[in-house]
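FYI, the numbering just counts along the sequence from 1. None of the values given here were measured: they were computed from a predicted structure.
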Amino acid sequence: MVRRSLIGFACLGALALTPASAQRDPLAPMDDSQPVPPTATQSPRQPRLVPVVQPSPAAVQPSPVTGFEAYKARLAALARASGVREATIQAVLPSLTINARVVQLDRSQPGGIPDPRRINEPPPPFAPYRRQHVTADLIQRGAARFSALWPHLYRIEQRYGVEPQVLMAIYGHETSYGRITGNFDLIQALATLAYEGRRRSFFEEEFVAALRLLDVGYPRWRLRGSWAGATGYPQFMPSNVLRLRADGDGDNYADLWSNEADALASIANYLRDAGWKPNVHWGIPVQVPASLNRQAIAGALNAPRCPQVFRRHSRWLTVREWRALGVVTIGRSLPDTELASLLEPDGPNATAYLLTTNYRAILDYNCSNFYALSVGLLADGIARR
């Protein structure tokens, strides 16, 4: 059973061996004469003893600890500096090993310096991604879970102000409504990623946060998730579990791994923390006139995070101003005074979207326009069922 903790307590080359037949015993006598057969008057020749000299204790130098074993000392020091209990450190660090599969998966990820030959290439189309992530199955199952969990979702919306269908869409997008949550040992995966060093400081902080989750009562077996360190139904990193986990069913405990109400409340808490504005829809599809001067509406935001994602957004205008420019809404609309930016994921002459500040909150969850758009569209599909 999970030891329950109150919400708010403590803020997540091999060596080549010579064949035995070719080896010489270093303590055997030198074969410097022909053997003499023993006679009645001769006794067999005794082997010449070679004394073994034992080195003095001062001369014995221990082999230096290198590699991951040495790095674990740094992880232990970081954990102690963050207040992790010594008993937790000693229970985890000595037996911790590298996960080769995590290394392989991490090295296959995009990163590093962008190829200058591809920097001006147009982004891939959104439509194939949408077909994969906004499916009839996801909409149908999301609507069924929405109905079953409506009492919890209603209370969560009243508390956090987040559209419940968006919570369900993130839940469906992240783990297919709890079906796929990952089975990597979280602590081992995070230690491996930190040691690899591609994003060392980030993963060191998340490793320490995972140890702190042990300190507040979550058992080691519970801390399983993706190879990149995300865990539970919401796929939170450990630091977000510590900071934003929430109780969605009123039992004073947040179980993000098997309790859907807690997971959905935690997602809502995350979005509110990211700036979600109550009673504002994430965005709407629109048609853009061919005459639109895109240079005149180009965005000037120099985003410190995910700059390429935000570079595709226009500057902010009110819905009334967009309408004056000839932009036509498809289906539902937004209040005339609501600020929105324009995104054309498939370029001109295709469906575009007016996006509110709440779209930016979804981007905070996963900084990808395709991800955020598919979450919004999946949420709309769930709400229409």
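Taking the six-membered ring where tryptophan is involved, the planes of His313 and Tyr359 are tilted, since the angle between them lies from 30° to 60°. Below 30°, between 30° and 60°, or above 60°: for His133 and His173 the angle between ring planes is below 30°, a parallel geometry.
Remark: the backbone N or O of Ala340 is not paired with any side-chain donor or acceptor of Thr356 at under 3.5 angstrom. The backbone N or O of Leu75 sits nowhere less than 3.5 Å from a side-chain atom of Glu204 that would complete a donor-acceptor pair. Counting only distance, with no hydrogens or angles, the side chain of Ser226 and the backbone of Ala230 share a donor-acceptor pair below 3.5 Å. The backbone N or O of Tyr253 sits nowhere less than 3.5 Å from a side-chain atom of Arg245 that would complete a donor-acceptor pair. In this structure, the side chain of Arg315 does not engage the main chain of Ala298 through any donor-acceptor pair within 3.5 Å. No donor-acceptor pair under 3.5 Å is formed between the side chain of Asn240 and the backbone N or O of Leu244. A donor-acceptor contact shorter than 3.5 Å is absent between the side chain of Lys277 and the backbone of Thr357.
Each of Tyr365, Tyr160, Trp276, Tyr171 was evaluated against Tyr270; a single residue qualifies, Tyr365, per the ring pair (Phe, Tyr, Trp, His ring centres under 6.0 Å) test.
Counting heavy atoms from C-beta on, the side chains of Thr318 and Thr337 never come closer than 4.5 Å. Within the 4.5 Å cutoff, the side chain of Phe126 has no heavy atoms near those of the Thr351 side chain. When side chains are defined from C-beta on, Trp257 does not count as touching Thr181, because their heavy atoms never get closer than 4.5 Å. Side-chain contact between Arg145 and Ile382: absent, with no pair of heavy atoms (C-beta onward) separated by less than 4.5 Å. Tyr177 places a side-chain heavy atom less than 4.5 Å from the side chain of Met168.
Placement of Val375 and Val309 within a single hydrophobic cluster is found when ILVMFWY residues are connected by side-chain heavy-atom separations under 4.5 Å, directly or transitively. In the hydrophobic clustering of this structure, Ile330 does not group with Leu355; members are Ile, Leu, Val, Met, Phe, Trp, Tyr whose side-chain heavy atoms approach within less than 4.5 Å, directly or through other members. Cluster membership for Val280 and Ile156, using ILVMFWY side-chain heavy atoms within less than 4.5 angstrom, is not shared. Under the 4.5 Å side-chain heavy-atom criterion for grouping Ile, Leu, Val, Met, Phe, Trp and Tyr, Leu378 is not connected to Ile180 through any hydrophobic cluster. A continuous path of ILVMFWY side-chain contacts below 4.5 Å connects Val166 to Tyr154, so both sit in one hydrophobic cluster.
Atom CD of Glu321 and atom CG of Asp336 lie 10.5 Å apart (nearest 0.5 Å).
Looking only at atom types and distance, the side chain of Trp227 has no donor-acceptor partner in the side chain of Asn99 under 3.5 Å away. Ser176 and Arg141 share a donor-acceptor pair across their side chains, judged by distance under 3.5 Å alone.
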| query | Are Asp249 and Arg155 close enough, and set up right, to give a salt bridge (charged side-chain N to carboxylate O under 4.0 Å, His left out), and what steps lead you there? | reply | CA-CA 9 Å; Asp249 59 3; Arg155 288 192 294 269; over 6 Å; no

| message | What verdict does the salt bridge (charged side-chain N to carboxylate O under 4.0 Å, His left out) test give for Arg199 and Glu206, after you've listed the backbone C-alpha separation in whole Å, the side-chain angles of each residue and the deciding distance to 0.1 Å? | response | CA-CA 11 Å; Arg199 298 174 64 193; Glu206 294 300 334; over 6 Å; no

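Cluster partners of Trp322 are Ile284, Val286, Val288, Leu292, Ile297, Leu317, Val319, Leu325, Val327, Leu334, Leu342, Leu354, counting Ile, Leu, Val, Met, Phe, Trp and Tyr whose side-chain heavy atoms approach within less than 4.5 Å, directly or via other members.
Relative to the six-membered ring of Tyr218, Arg222 misses at least one condition, a distance below 6.0 Å or an angle of at most 45° to the axis.
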